[in-house]
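This report refers to the structure that appears directly beneath it.
Below, read A as the first sequence line, B as the second, and so on, with proteins coming before strands; counting in each chain starts at 1.
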Amino acid sequence: MPELPEVETTVRGLQDLTGSRIERVAVNDRRLDVPRERLVGRVLSRIERQGKYIVCGLSDGSSLRVHLRMSGRLVRFASPSERKYTRLSLLLDRGRLDFVDPRRLGTVEYSQDGLPVSVGIDPTERAFTRQRLGAIVSGSRAPIKVLLMDQRRIAGIGNIYAAEALFAARIDPRRPGKSLSTKEIAAVHSAVRSVLAEAIRKLGTTLGESVSDYRQSSGESGGFQERLHVYSRNREACHRCGTTIDRIKQGGRSTYFCPGCQR
DNA sequence: CTTGTACCCTGACCGC
DNA sequence: TGCGGTCAGGGTACAA
């Protein structure tokens with residue numbers, strides 16, 4: 001569910017919790033290995049995004065890393081419909097933080113040393129230049145869409161934004177990375193940046209109404225779903241050329257693209 | 001090293 | 001209403 005823009009929106013929505021002290025920790029899922037005794041009494045010193053991870057730095061230098069995977073969200077206070085899916089609650093001196101995750105694929109891990117998560121370059125940062133993307137793309141025969149989604153190389157792009165960026169760049173998702181010209185790499189680079197920036201501006205993509213669908217930490221929907229050109233539009237007409245949008249499988253995931261204008 | 005597949009888990013939706 | 005199949009914003013452990 002959540003990709004870089006959704007995680008970024010979530011983190012921004014939780015900033016006012018920094019400085020809060022953890023008073024109590026409730027774990028409701030055996031799959032989560034959270035050392036409650038190490039958390040209680042600690043203060044949330046910072047809340048930030050690292051790739052698709054949400055990292056809560058604690059006052060003793062340790063940190064709590066949350067990965068939302070497919071259906072997780074962090075909310076201020078679980079609503080009645082979210083109650084039964086609340087897997088972890090941090091009760092704070094000023095408010096509370098609930099980890100809601102219907103599918104239970106999300107992860108929460110405690111890091112004693114608080115070192116950053118090991119992931120690739122953040123595509124929203126200045127260091128993510130077209131040269132940098134070129135080095136990643138030119139060095140592999142893997143399909144460009146798979147490369148964009150490889151978190152060890154680039155951290156934060158998922159299934160929606162990989163598809164949308166390639167549509168914007170007019171590149172066929174099946175093209176081997178190696179086959180892209182310098183000009184095409186520049187187009188992909190520019191598309192990735194603008195699509196992510198716009199999605200952040202729209203506060204993420206909310207696809208449906210179910211409890212598994214992404215919401216902001218406030219519970220509100222995002223707005224980028226109105227801007228989707230290919231994702232989830234199988235068999236509909238391309239907004240640009242009218243060709244029927246196609247859905248194929250790549251790396252076990254659905255890829256949506258327009259066979260008419262993506263080459 | 002690469003690529004592909006199964007799997008983790010739950011819920012929604014579709015056709016019969 | 002029920003049943004079976006498919007699909008889902010992700011990532012990992014394998015096998016080939």
Atom CZ of Arg69(A) and atom P of dC7(B): how far apart are they, to the nearest Å? 17 Å
For Asp172(A) and Phe257(A): C-alpha separation, side-chain torsions, deciding distance, then whether side-chain contact (heavy atoms from CB on, under 4.5 Å) applies. CA-CA 7 Å; Asp172(A) 186 319; Phe257(A) 72 108; 4.1 Å; yes
Between Lys145(A) (NZ) and dG10(C) (C1'), how many Å, whole number? 12 Å
Between CZ of Arg31(A) and C1' of dG11(C) the distance, given in whole Å, is 12 Å
Nearest whole Å is fine: how far is dT2(B) P from Asp150(A) CG? 9 Å
Atom CZ of Arg253(A) to atom C1' of dC7(C): distance rounded to whole Å? 12 Å
Can a side chain N or O of His67(A) be found less than 4.0 Å away from OP1 or OP2 on dG11(C)? yes
Mind running side-chain contact (heavy atoms from CB on, under 4.5 Å) on Arg31(A) and Arg104(A) for me, showing each step along the way? CA-CA 8 Å; Arg31(A) 303 176 95 247; Arg104(A) 298 170 64 217; 3.4 Å; yes
Is Lys249(A) near enough to dG4(B) that one of its side-chain N or O atoms lies under 4.0 angstrom from OP1 or OP2? no
Ignoring backbone atoms, test whether Ser254(A) places a side-chain nitrogen or oxygen under 4.0 Å from the OP1 or OP2 oxygen of dA8(C). yes
Using whole Å, report how far CZ of Arg73(A) lies from C1' of dA8(C). 15 Å
Between Ser210(A) and Arg103(A), which has a closest nucleotide on DNA chain B that is more 5'? Arg103(A)
Rounded distance in Å - CZ (Arg174(A)) to P (dG4(B)): 14 Å
Under 3.5 Å on both distances, the Watson-Crick or G-U partner of dC7(C): dG11(B)
Nearest-nucleotide check on DNA chain B, Ser212(A) vs Val146(A); residue mapping nearer the 5' end is Val146(A)
Would you mind telling me which of dA8(C), dC9(B), dG11(C) lies closest to the side-chain atoms of Tyr256(A)? dA8(C)
Establish, with yes or no, whether the OP1 or OP2 oxygen of dA8(C) is under 4.0 angstrom from a side-chain nitrogen or oxygen of Tyr214(A). no
Could you walk me through whether Ile47(A) and Leu17(A) satisfy the side-chain contact (heavy atoms from CB on, under 4.5 Å) test, starting with their C-alpha distance in whole Å, then the side-chain angles of each, then the deciding distance to 0.1 Å, before giving a yes or no? CA-CA 8 Å; Ile47(A) 302 171; Leu17(A) 291 180; 4.0 Å; yes
